[in-house]
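Reading through the structure tokens given below for one structure.
Each chain gets a letter, A, B and so on, in the order its sequence line appears, and its residues count up from 1.
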Amino acid sequence: MPERPSLEGLEQKWGAVWERDGTYRFDRSAPRERVFAIDTPPPTVSGSLHVGHVFSFTHTDTVARYQRMRGREVFYPMGWDDNGLPTERRVQNHYGVRCDPAVPYNPDFVAPVGGGADAGKEPVSISRPNFVELCLTLTESDERAFEQLWRTLGLSVDWSLTYTTIGRRAQRLSQRSFLGLLERGQAYQLEAPTLWDVDFQTAVAQAELEDRERPGAMHRVRFARAGDCAADPDDAEPALIETTRPELIGACVALLAHPDDERHAGLVGGEALTPLFGTRVPVLSHPLVERDKGTGLVMVCTFGDLTDVTWWRELGLPVRALLGQDGRLLDVPWGAPGWESADVERARASYGELVGRTVNQARRAIVEQLAASGDLIGEPQPVSRAVKFFEKGERPVEIVTSRQWFIRTLEHRERLLERGAQLRWHPPYMRARFEDWVSGLTGDWCISRQRFFGVPFPVWYPLDAGGAVLYDQPIAPTPERLPVDPSTDVPDGYEPAQRGQPGGFVGDPDVMDTWATSSLTPQIAGTADEGEDAPGAPGAGGLAGAGGEGGGGLLAKVFPMDLRPQAHDIIRTWLFTTVLRSQLDHDELPWANAAISGWVLDPDRKKMSKSKGNVVTPMHLLEEHGADAARYWAASGRPGTDTAFDAKQMKVGRKLAVKLLNASKFALADLPIPPGGERAPGEQLTHPLDRALVARLAGVVREATDSFERYDYARALERTETFFWWYCDSYVELVKGRRYDADPQVSASVGLSLRTSLSALQRLFAPFLPFACEEVWSWWREGSVHRAPWPAAEELEALLEPGAEQRAREELALTVTVEVLAEVRKAKSQARRPMRAPVTRVAVRDTEPRLAALELGAGDLRQAGAIETLERLPGEELAVEVELAPAEDA
RNA sequence: GGGCGCGUAGCUCAGUGGGAGAGCGCUCGCUUCACACGCGAGAGGUCGCUGGUUCAAUCCCAGCCGCGCCCACCA
């Protein structure tokens with residue numbers, strides 16, 4: 001036991017011991033019912049972890065440590081989500097490269113030195129395999145840094161179970177699951193209007209959209225009436241629409257009014273001519289049109305927003321697409337079929353100024369044209385409106401038609417809602433977010449991305465004699481070949497030279513969305529025994545192993561898992577897709593519990609973000625305050641609740657950890673420690689106050705345990721902490737006299753009480769302050785506190801005398817004794833005297849039962865208060881007179 | 001527009017159908033034999049507003065106001 005206990009260096013000291021002893025190693029021989037499996041969120045590997053990660057991962061770690069101490073064999077892996085767009089973008093910037101699938105693989109390629117955006121050089125085009133190699137190199141170094149941080153924070157993960165979402169094992173599982181879905185008709189391909197990010201040039205999913213307020217302008221535009229009236233233009237009342245997207249007038253395929261809107265009843269059923277381009281479009285009605293918006297007449301374009309898609313589909317409108325995949329206006333053949341115009345020359349002339357322009361450029365240009373032609377009515381009115389963005393994108397998403405892979409989702413909606421109801425949510429109200437999302441789904445899940453660093457779709461397509469791709473006849477590899485990359489691998493029965501040749505084959509060029517793989521994290525983590533290079537599982541189709549049929553593998557032991565911890569912002573993505581995939585592949589929930597963490601907000605209650613520069617780097621945090629202190633702050637944030645970043649809370653946590661060191665030192669120093677630590681055979685709690693203390697402690701243990709069972713780690717901490725400070729300030733002060741008594745008969749009971757209480761407190765704090773607790777445990781106990789059993793209220797109560805009446809009297813004795821001691825302290829404090837100042841006489845007036853109880857604590861009270869005479873007088877309520885001895889120097 | 005959560009001391013937040021709490025900060029005091037990262041004492045609040053249920057409401061119910069988040073067919 002050190003002379004002056006300190007927190008310094010405990011992270012390194014105990015981190016090394018835990019690693020050496022395999023303290024957190026998952027024991028694969030444990031029976032299924034003892035296993036507690038956690039589906040750890042794999043952090044995105046694209047730079048650095050932030051304070052929010054420390055926050056939520058600490059929550060999970062406290063639960064993991066609690067369960068381990070409860071005797072569960074905890075399956076607690078770490079994963080790295082290194083698959084996907086954020087990594088690609090980071091690699092592009094870091095190395096100054098760009099992936100071009102047309103470039104051949106260069107085995108001797110060396111990453112450019114001093115590349116990157118800051119070098120101001122044009123990015124170097126490299127092949128997809130070279131690009132993927134760079135992604136792997138960069139993520140590897142990030143992952144080492146992440147692991148170091150987690151180890152310093154004291155996460156009790158089993159590092160031998162680490163997986164990555166781009167690793168061969170994840171790819172194999174992801175592809176195997178996809179092929180199963182394809183075989184069962186749950187995955188399909190479709191050419192359809194798709195949400196599209198024009199910068200990344202990839203499809204995106206509904207779940208990856210977010211709204212952003214953007215300034216825009218509302219333009220009132222005149223459409224001439226076509227048909228009979230066209231012969232007599234002066235007679236024809238024009239059709240007025242309002243739009244924020246005038247650049248899409250050329251893509252207009254109809255005008256719509258509400259069926260009950262009498263103002264436009266005369267128009268409906270007729271036709272109108274688009275301004276500038278002179279295209280005939282029908283005027284129709286649809287109930288989704290809102291009469292009080294704009295003029296009540298709306299232009300349908302292919303496609304300005306998701307509502308346009310609805311109208312286009314429901315009304316069977318044609319496609320007149322203007323926007324290309326790069327977000328620029330396409331060159332379209334005015335006058336050709338589908339592009340008819342009442343004035344082809346004028347249409348070509350107008351459009352000539354728009355073609356090749358971006359959306360914003362084209363909008364400015366067409367507004368000038370409309371103004372010049374008189375078709376723009378009034379000035380554009382500035383408006384602020386919500387625009388849909390890809391959450392990682394910088395320009396609004398567009399809707400373009402493309403071929404994509406989908407997983408059937410809508411038809412499983414009811415079943416998914418049932419699954420959501422079966423899942424135990426912590427806190428329970430988070431379930432509403434899941435249900436809102438499932439109920440609001442409008443389409444199946446688009447999982448294909450036109451990117452490079454991801455899991456490829458494991459299919460090829462035959463080419464017919466004319467070189468056309470036969471998309472409806474995909475060629476799948478046999479399971480033993482997985483994972484495959486169809487851009488380099490060749491399907492069975494073909495030669496490499498046949499790639500791209502008529503009668504040959506092509507590989508699917510796309511990769512899966514990152515969620516399409518991370519939605520399988522329970523299965524990926526649970527197949528750690530397969531190894532990275534194991535062949536595909538035997539048997540076609542779905543995943544083998546889960547469900548336990550014959551398989552003695554790891555997966556059968558850990559799946560379905562016990563706990564999915566995650567933050568609330570990814571309920572609609574990660575949580576939802578994991579439930580969906582587990583439903584489709586296993587027809588069951590992937591876990592029994594979902595524990596949802598809040599976010600870390602900056603002190604202004606805004607979400608922390610790098611752009612604001614208010615982010616504190618986690619490692620710096622741990623170095624300054626210590627891991628236990630940071631964990632204390634995190635664990636004080638209640639489940640599901642956003643918490644402001646607060647360094648002051650960390651200081652409080654640090655004080656608590658230091659206090660635990662010192663209290664343990666006081667309690668244990670020079671105290672005989674029997675073998676086994678707490679209690680020698682035959683030892684008894686002979687003093688009523690000691691029994692009362694242990695009884696109270698049993699109540700705290702019960703509350704902490706109940707709280708943890710409900711995943712309310714914060715309450716467990718709060719109860720333990722409150723008790724602990726009271727214990728130090730009141731109980732320990734009260735019994736110091738007996739603690740140091742020369743007569744072993746007198747001190748024995750305190751010794752047992754201190755050993756018993758410290759043992760319980762050190763274990764109660766262990767999930768929160770793992771380093772300080774391990775340190776104090778090591779002073780007097782064998783083995784790790786983190787493998788010690790969680791304290792049990794029953795064991796503590798076994799030390800007490802039976803009899804409720806006696807327990808109540810002793811509990812009252814502790815209460816009254818502490819109350820009187822407080823009065824004595826108050827008198828000394830108000831007299832500005834030290835706490836050890838002697839007291840000649842204390843007269844306590846109180847009710848008879850309380851005075852009787854006080855008698856049980858009178859001896860300790862006299863010693864703690866330095867009281868000469870203690871008188872007990874009958875009274876109505878507690879009143880204490882204190883006569884201090886004269887100060888020596890007064 | 002819909003849903004969820006929140007609104008308690010200057011700050012951060014617990015809490016309960018019957019006495020309004022903690023930590024930090026502030027004031028005053030104490031070198032008490034584990035700890036000055038300590039100990040003791042104290043000041044400080046119409047528990048968002050308005051109704052209702054109840055003997056009794058900070059807590060339960062309704063409405064409103066404010067904040068945050070999620071969702072929405074935002075032309």
Side-chain angles (χ1 to χ4, degrees), chain A residues 1 3-7 210-211 213 216 218-219 241-245 248 255-256 286-290 293-301 304-311 383-388 427 429-437 439-442 568-569 571-572 598-599 601 603 605-607 626 629 633 636-638 640-649 651-669 714-715 718-719 721-722 725 728-729 732-733 736 739-740 821-822 824-837 864 866:
Chain A
M1 188 180 302
E3 191 60 35
R4 281 189 59 88
S6 156
L7 297 174
E210 64 183 27
D211 286 350
E213 280 295 322
M218 190 65 78
H219 308 78
I241 60 113
E242 287 196 353
T243 181
T244 55
R245 303 209 58 182
L248 293 178
L255 300 186
L256 298 183
H286 193 279
L288 277 184
V289 177
E290 290 185 36
K293 243 176 206 169
T295 62
L297 200 60
V298 58
M299 151 178 103
V300 183
C301 306
D305 62 25
L306 287 171
T307 322
D308 282 344
V309 179
T310 305
W311 284 323
V383 292
S384 180
R385 73 225 203 281
V387 183
K388 295 217 178 293
Y429 60 77
M430 286 295 177
R431 192 178 107 193
R433 303 218 181 180
F434 177 84
E435 292 179 341
D436 278 0
W437 175 251
S439 306
L441 284 170
T442 59
H568 54 62
D569 56 331
I571 288 175
R572 65 176 180 168
W599 273 338
L601 309 174
R605 304 215 60 80
K606 297 283 185 316
K607 192 182 172 187
W633 159 75
S636 302
R638 307 193 89 77
T641 306
D642 294 346
T643 299
F645 177 79
D646 188 1
K648 281 189 294 192
Q649 275 298 104
K651 291 196 167 65
V652 175
R654 189 174 174 84
K655 285 183 185 180
L656 175 64
V658 169
K659 189 79 173 176
L660 182 64
L661 296 181
N662 284 309
S664 299
K665 179 190 164 195
F666 161 75
L668 301 170
R715 191 183 175 91
E718 191 262 331
R719 290 304 146 111
E721 182 192 12
T722 301
W725 284 105
C728 288
D729 294 342
V732 170
E733 291 300 324
K736 265 184 182 172
R739 158 87 171 80
Y740 288 112
L821 179 61
V824 173
R825 285 170 169 172
K826 184 190 229 167
K828 291 179 180 177
S829 187
Q830 284 173 349
R832 307 194 160 192
R833 300 285 299 280
M835 287 298 125
R836 61 168 186 185

- Can you tell me how far the CZ atom of Arg4(A) sits from the CG atom of Leu661(A), to the nearest 0.5 Å? 11.0 Å

- Query: Would you say Arg245(A)'s side chain and Gly304(A)'s backbone share a donor-acceptor pair under 3.5 angstrom?
  - Reply: yes

- Query: Is Lys828(A) near enough to rU32(B) that one of its side-chain N or O atoms lies under 4.0 angstrom from OP1 or OP2?
  - Reply: no

- Lys648(A) side chain, from C-beta outward: closest of rG5(B), rG15(B), rC11(B): rC11(B)

- By nearest-nucleotide position on RNA chain B, the 5'-leaning member of Ala831(A) and Tyr429(A) is Tyr429(A)

- Task: Can you tell me, in whole Å, how much space there is between the C1' of rC33(B) and that of rG45(B)?
- Result: 41 Å

- With C1' as the reference atom in both, quote the distance from rA43(B) to rG25(B) in angstrom, rounded to an integer. 13 Å

- Rounding to 0.5 Å, atoms CZ (Arg654(A)) and NZ (Lys651(A)) come to a distance of 10.0 Å

- Message: Could you tell me how far apart Gln649(A) (CD) and rA14(B) (C1') are, to the nearest whole angstrom?
- Response: 11 Å

- Query: Separation of Arg638(A) atom CZ from rA14(B) atom C1', in whole Å?
  - Reply: 6 Å

- P atom, rC6(B) versus rG15(B): distance in rounded Å? 10 Å

- Gap between atoms CZ and C1', on Arg832(A) and rC30(B) respectively (whole Å): 11 Å

- Item | Leu306(A) side, atom CG; Lys388(A) side, atom NZ - distance, nearest 0.5 Å | 6.5 Å

- Message: Using a 3.5 Å distance criterion without hydrogens, assess whether the side chain of Ser664(A) forms a donor-acceptor pair with backbone atoms of Leu660(A).
- Response: yes

- When you compare rG66(B) with rA75(B), how far apart are their C1' atoms, in angstrom units rounded to a whole number? 32 Å

- Message: For Arg825(A), is there any backbone N or O sitting under 3.5 Å from a side-chain donor or acceptor partner on Ser829(A)?
- Response: no

- Residues Trp311(A), Leu256(A); criterion side-chain contact (heavy atoms from CB on, under 4.5 Å); working and verdict: CA-CA 9 Å; Trp311(A) 284 323; Leu256(A) 298 183; 3.4 Å; yes

- In terms of heavy-atom contacts, Ala714(A) and Gly637(A) come closest through CB-O, 4.1 Å

- Item | Whole-Å distance separating the CG atom of Leu656(A) from the P atom of rC35(B) | 18 Å

- Note on the structure: Separation between CZ (Arg572(A)) and CZ (Arg433(A)), nearest 0.5 Å, reads 11.0 Å

- Glu721(A) CD - rC13(B) C1' separation (whole Å): 12 Å

- For rG3(B), does either OP1 or OP2 sit under 4.0 Å from a side-chain N or O belonging to Arg431(A)? no

- Distance, C1' atom - from rG7(B) to rU50(B), rounded to whole angstrom: 16 Å

- Quote, to the nearest angstrom, the P distance that separates rG19(B) from rC59(B). 14 Å

- Task: Report the secondary structure of RNA chain B in dot-bracket form, marking unpaired bases with a dot and bases paired to a different strand with |, and treating Watson-Crick or G-U pairs with both distances under 3.5 Å as paired.
- Result: (((((((..((((....[..)))).(((((.......))))).....(((((..]....))))))))))))....

- With sugar-phosphate taken as primed atoms, P, OP1 and OP2 and all else as base, the protein-contact string of nucleotides 39-44 of chain B at under 4.0 Å (heavy atoms; B, S, -) is SBSS--

- Query: Mind checking whether His568(A) and Trp599(A) have parallel, tilted or perpendicular rings, split at 30° and 60°?
  - Reply: tilted

- Message: Just verifying a value: how many Å separate Thr310(A) OG1 and Asp305(A) CG, rounded to the nearest 0.5 Å?
- Response: 8.5 Å

- Inter-residue atom distance Asp308(A).CG - Leu248(A).CG, 0.5 Å rounding: 8.0 Å

- Find the distance Arg715(A):CZ to rG21(B):P and express it as a whole number of Å. 18 Å

- Message: Suppose you measure atom C1' in rA34(B) against the same atom in rU46(B); what distance do you get, rounded to whole Å?
- Response: 45 Å

- Whole-Å distance separating the CD atom of Glu718(A) from the P atom of rA14(B): 10 Å

- Note on the structure: Testing rC24(B), rG15(B), rC35(B) for proximity to the side chain of Asn662(A), the answer is rC35(B)

- Item | Distance, P atom - from rU58(B) to rU8(B), rounded to whole angstrom | 15 Å

- Query: Within the pair Arg4(A) and rC37(B), is there a side-chain N or O less than 4.0 Å away from OP1 or OP2?
  - Reply: no

- To the nearest Å, how far apart are Asp646(A) CG and rG25(B) P? 11 Å

- Please check if the side chain of Lys665(A) supplies one atom and the backbone of Pro5(A) the other of a donor-acceptor pair under 3.5 Å. no

- Task: Would you indicate, yes or no, if rC35(B) has its OP1 or OP2 atom less than 4.0 angstrom from a side-chain nitrogen or oxygen of Lys665(A)?
- Result: no

- Describe the nucleic acid contact of Val652(A) in one word from base, sugar-phosphate, nothing, applying a heavy-atom distance below 4.0 Å. sugar-phosphate

- Query: For every nucleotide of nucleotides 69-75 of chain B, 5' to 3': is a protein heavy atom under 4.0 Å from its base (B), only from its sugar-phosphate (S), or from neither (-)?
  - Reply: SSSSBBB

